[in-house]
Amino acid sequence: MDDTSSDRARLAATAAADKGATEITILDVAEVLRIVDCFVIVSASNARMVRAVAEEVEDRIRQASGESPRSVEGLDDLRWVLIDYGDVVVHVFLDEVRAYYELERLWGDVPRVSWEGEERHPVAR
């Protein structure tokens, strides 16, 4: 994983936290997937918050780098929004949808990436 990817992932995590997302995790999937460096996985308590978090992540990254996502999926039902930046993929989940898919369990053998603010937003493990 390169510095640009880790910086983008940390910025996404911080933006999500600032907007009220919980259980924020960054996974370094570069060695396993080779086409993506990081997954940023966050939870939101309701559909309105899912949208707000997704928009905040997009806004912050656009302000910092001028970059827009390659694609955004899930804005129709706001249960799982996937924001794809190529090297970083941000997953914004409704709490119950995240519990159902358990991405952290699926990718349990990959390293986690620390980010500023992590101690204020611990992940239940």
Subject >> side chain to side chain contact (heavy atoms under 4.5 Å, CB included) involving A44 - partner list, sequence neighbours excluded >> reply: M49, V50

Subject >> All salt bridge (charged side-chain N to carboxylate O under 4.0 Å, His left out) counterparts of R48, not counting sequence neighbours >> reply: none

**OP:** Please report the shortest heavy-atom distance between A64 and L11, naming the atom on each side.
**Re:** CB-CD2, 3.5 Å

Original post:
Do you know the tightest heavy-atom contact between I26 and A9?
Top reply: CD1-O, 3.7 Å

Original post:
For the residue pair A13 and W115, what are the closest heavy atoms and their distance?
Top reply: CB-CD2, 3.7 Å

For residues 71-79, please give each side-chain donor-acceptor pair under 3.5 Å, one per line with the distance, not counting sequence neighbours.
unit_1	atom_1	unit_2	atom_2	d
D77	OD1	R79	N	3.3

Original post:
Residues in side-chain hydrogen bond (donor to acceptor under 3.5 Å, both in side chains) with R105, at least two apart?
Top reply: E102

Subject >> Pairs touching residues 53-79 that satisfy ring pair (Phe, Tyr, Trp, His ring centres under 6.0 Å), sequence neighbours left out >> reply: none

Original post:
For E56, what residues pass the salt bridge (charged side-chain N to carboxylate O under 4.0 Å, His left out) criterion, not counting sequence neighbours?
Top reply: R60

**OP:** With sequence neighbours excluded, tell me which residues meet salt bridge (charged side-chain N to carboxylate O under 4.0 Å, His left out) with R62.
**Re:** E58, D59

Subject >> Results of side-chain hydrogen bond (donor to acceptor under 3.5 Å, both in side chains) for W80 - residues two or more places apart only >> reply: H91

**OP:** State, to 0.1 Å, how close V57 and V90 come at their nearest heavy-atom pair, and which atoms those are.
**Re:** CG1-CG2, 4.2 Å

Subject >> E67: salt bridge (charged side-chain N to carboxylate O under 4.0 Å, His left out) partners, not counting sequence neighbours >> reply: R8

Original post:
Quick one: ring pair (Phe, Tyr, Trp, His ring centres under 6.0 Å) pairs with a partner in residues 53-76, sequence neighbours left out?
Top reply: none

